[in-house]
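All remarks here apply to the structure that follows.
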Protein chains: 2
Amino acid sequence: MAITIKDIANRAGISAASVSRILTNRGRFSAATAQRVRQLAEEMGYYKNQSAADLSQKASRVIGVLVPTTHTNFADEIIKGMQRQAFELGFELLIVFLEDDVQHQIKTVKSLLSRQLLAVVMLAVDLETAVFDVLTAADTHLLSISNQLNNGIPSISSDNYAMMHTIVDYLYDQGHRQVALIGAADPDSVVATLRRQGFIDALAKHGIRYNPALIWGIDNAYKTGLETIQNFGVPLPFTAVIGSADIVGIGILNAAKDAGVAVPDDLSIITVDGTNLTQITRPRLTAVQQDFAQMGELAITTIANQTLSPNTIIFTDVEMRPGDTVASL
Amino acid sequence: MAITIKDIANRAGISAASVSRILTNRGRFSAATAQRVRQLAEEMGYYKNQSAADLSQKASRVIGVLVPTTHTNFADEIIKGMQRQAFELGFELLIVFLEDDVQHQIKTVKSLLSRQLLAVVMLAVDLETAVFDVLTAADTHLLSISNQLNNGIPSISSDNYAMMHTIVDYLYDQGHRQVALIGAADPDSVVATLRRQGFIDALAKHGIRYNPALIWGIDNAYKTGLETIQNFGVPLPFTAVIGSADIVGIGILNAAKDAGVAVPDDLSIITVDGTNLTQITRPRLTAVQQDFAQMGELAITTIANQTLSPNTIIFTDVEMRPGDTVASL
DNA sequence: GGATTTTGAGTAAACGTTTACGCACTTCGT
DNA sequence: ACGAAGTGCGTAAACGTTTACTCAAAATCC
């Protein structure tokens, strides 16, 4: 069995309490014994039993993270950011992937909650009400990343409304007047709604009347992108298209190739996300890059600072990443 | 503060021990009280304090998972598989991403070890000796997935040697006689070595003398693929190329496009991994698909069954996935 | 119906750590 | 040199759960 604080205490000829004080760097102890104890701990290969510590101090340092299985390829970026900051501040992440089945989700969340959690972070997930209720019933802090909710849960994400202005402005400057938005048509999604509104308002700002037909595609999935060309038919009723995720853009790119539509000469593509997927296509995708690592870091910092009030929204940076898929008209 | 077993006991008019027995479904209790207790637990919103439970039963149900940050895009597949099986069997996964800095890695691993871990699973990582020593010093079980080690650590992976036979046979059947292997030239990597050996032996089997120049590229990275064409020069000294990972194949595909080499007419490409990346290229990549989810599930099963003896190697399935990047000569 | 087994449930100790409290001893100020 | 303040450390309780041990009551057997 493992080495405990008592083993160290015995060897050092002092009480377990003293060892604990030294190892946690709390309370009073002499530098001399501290030195000796730390040395012994190292030598004997001591590892704190975190469960015992958690039990003793009622507060835990574990943060639960809910990740959707429908793999968004930026989730790892966010997780990396969280992990980095969590490590820095001495927190632990309990990452859990959510299957699609609701009953399964409920069971998963419940088992997650049996850890005394500091907070639960939802990564770009839209939870069913049933699952959501389980979470809110438990009195743990909640935080949503990369997805704004309309129920008061604080969130961290890009400014989806402003982001669409950035994109539309860019396209307008390049001479584009007919622009389509693909993958943000879901009326129930807060993020999609913000994007649509930003899209429409930005066009209006430039005196362009918004054409409802040019907002299409519920999912921001590869399949949505693939079906885009076929849906509108060639010749396309727009010169540029905005993909609501990199993977949507790749779908459009491939569909264009299949249909003999030249990118960017016949069609310009710009996507939202800017993950490294944009670098491995030919031509390279032009994108607005979201700072996912920053979202992750901010999430942990926010939790650590206890600055989680309902309805708070924190916006992270966004940057234009020109690639080779936007033509100047 | 949270509801405890005692609160339930009080309300039910029985002792905490009985409640525990009922909730863990161990020992003796009557169906009637069980019913009542479970009902109360539900009503009162009880969540087991897992820390206390872990402390009480010395054995923990937490499995540590080490994941490299240099993102291999199949890691999530493996994790998903692990998660699914872990949930099934009542285990928990503590997933930790490893930064590149060794000192940082050591600290990370140490903090991981302060949880009483059932086992530590390494996901396709090659650890520095220093980090490795920390792991072996702690008396926890170790298991390596998707990467064979030469130090006795049991592992789960595809049969890399046999896999190269599968690939070479396939290419040979399509008429290819000059074949290159890209991204497996690292002499220190056990996996790369197995692949090289399989490659060479498979060629020999068909009476083809192995040309050392055609094994090139240390990393299985995008960059390696990108530089391949330039490295060999056009016309290429081979008709088919094996990418040691999908991402390498994509690099080769893009470089070929840039160099005016037609795929598959002038060059056939086949990759190892078969992740969904192969579906989003044009043409679609032909690949041998590894069953990553299976690796993950098996890892957990193996740990659960305690069948972890040193030097054990478990092979998972591999399947040929024809795409559009291999031509028949 | 008496002896024996089975059942349901309580008691108490244990897991390893933290921490409030208290005590003896040292240091310091005057 | 005497009281006050400070320092180092030990004692013991607490955190919530599990489990070996008991024991009384109920069920079973012949």
Side-chain angles (χ1 to χ4, degrees), chain A residues 1-38 40-41 44-62 90 92 111 113-118 138-139, chain B residues 1-38 40-41 44-62 90 92 111 113-118 138-139:
Chain A
M1 64 258 104
I3 310 289
T4 75
I5 228 177
K6 263 185 202 154
D7 299 328
I8 299 181
N10 286 339
R11 279 273 288 270
I14 56 177
S15 76
S18 296
V19 176
S20 173
R21 275 189 293 259
I22 290 167
L23 261 23
T24 56
N25 217 0
R26 265 186 280 258
R28 300 189 297 228
F29 50 83
S30 77
T33 36
Q35 156 79 24
R36 195 152 42 94
V37 164
R38 281 195 252 265
L40 272 173
M44 303 170 68
Y46 168 76
Y47 284 103
K48 176 201 300 205
N49 182 325
Q50 193 63 49
S51 293
D54 280 356
L55 181 58
S56 185
Q57 339 172 91
K58 337 256 282 195
S60 119
R61 310 204 55 100
V62 180
E92 260 174 74
S111 97
L113 287 170
S114 75
R115 294 278 166 189
Q116 262 42 36
L117 296 176
L118 192 55
D139 59 346
Chain B
M1 69 251 114
I3 310 291
T4 76
I5 228 176
K6 262 184 204 157
D7 299 327
I8 298 181
N10 287 341
R11 280 274 287 269
I14 57 176
S15 76
S18 296
V19 176
S20 173
R21 275 190 293 260
I22 289 166
L23 260 24
T24 57
N25 215 1
R26 264 186 282 258
R28 298 191 296 229
F29 50 83
S30 77
T33 36
Q35 156 80 24
R36 193 153 43 94
V37 164
R38 281 196 251 269
L40 272 173
M44 302 171 69
Y46 168 77
Y47 286 104
K48 176 202 299 205
N49 182 326
Q50 194 63 48
S51 294
D54 281 355
L55 180 58
S56 184
Q57 338 172 91
K58 338 255 286 195
S60 118
R61 310 204 55 99
V62 179
E92 259 175 75
S111 98
L113 288 170
S114 76
R115 293 278 166 187
Q116 262 43 38
L117 297 176
L118 193 55
D139 59 345

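Chain A is the first sequence line, chain B the second, and so forth, proteins listed ahead of strands; every chain is numbered from 1.
- Remark: A:Ser30 pairs with A:Thr33 by the side-chain hydrogen bond (donor to acceptor under 3.5 Å, both in side chains) rule, at least two apart or across chains.
- Within the 4.0 angstrom heavy-atom criterion, only backbone atoms of the sugar-phosphate kind lie near A:Thr4; the bases stay farther away.
- A:Tyr46 is listed as a side-chain neighbour of A:Ile5, based on a closest heavy-atom distance under 4.5 Å.
- Residue pairs that meet the salt bridge (Lys or Arg N to Asp or Glu O under 4.0 Å) test with at least one member in residues 45-54 of chain B, sequence neighbours left out, are A:Arg115-B:Asp54.
- Remark: B:Gln35 engages no residue in a side-chain hydrogen bond (donor to acceptor under 3.5 Å, both in side chains) (not counting sequence neighbours).
- Phosphate proximity of C:dT17 to A:Tyr46: present, with a side-chain N or O under 4.0 Å from OP1 or OP2.
- Listed pair A:Thr33 / D:dC9 meets the phosphate criterion, a side-chain N or O lying under 4.0 Å from OP1 or OP2.
- Distances shorter than 4.0 Å separate some side-chain N or O of B:Lys48 from OP1 or OP2 on D:dT18.
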Please tabulate the protein-to-nucleotide N/O contacts below 3.5 Å involving nucleotides 19-26 of chain C, giving atom names and distances.
unit_1	atom_1	unit_2	atom_2	d
C:dT19	OP2	A:Arg26	NE	3.1

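- Not counting sequence neighbours, A:Arg28 has no partner by the side-chain hydrogen bond (donor to acceptor under 3.5 Å, both in side chains) test.
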For a quick test of your reading: what N or O donor-acceptor pairs under 3.5 Å do the side chains of residues 7-19 of chain A make, sequence neighbours left out?
unit_1	atom_1	unit_2	atom_2	d
A:Asp7	OD2	A:Thr4	N	2.8
A:Ser15	OG	A:Ala17	N	3.4
A:Ser15	OG	A:Ser18	N	3.4
A:Ser15	OG	A:Ser18	OG	3.4
A:Ser18	OG	A:Arg21	NH2	3.3

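- Between A:Ser30 and D:dT7, a side-chain N or O to OP1/OP2 separation shorter than 4.0 Å is absent.
- Between A:Leu23 atom CG and C:dG16 atom P the separation is 15 Å, expressed in whole Å.
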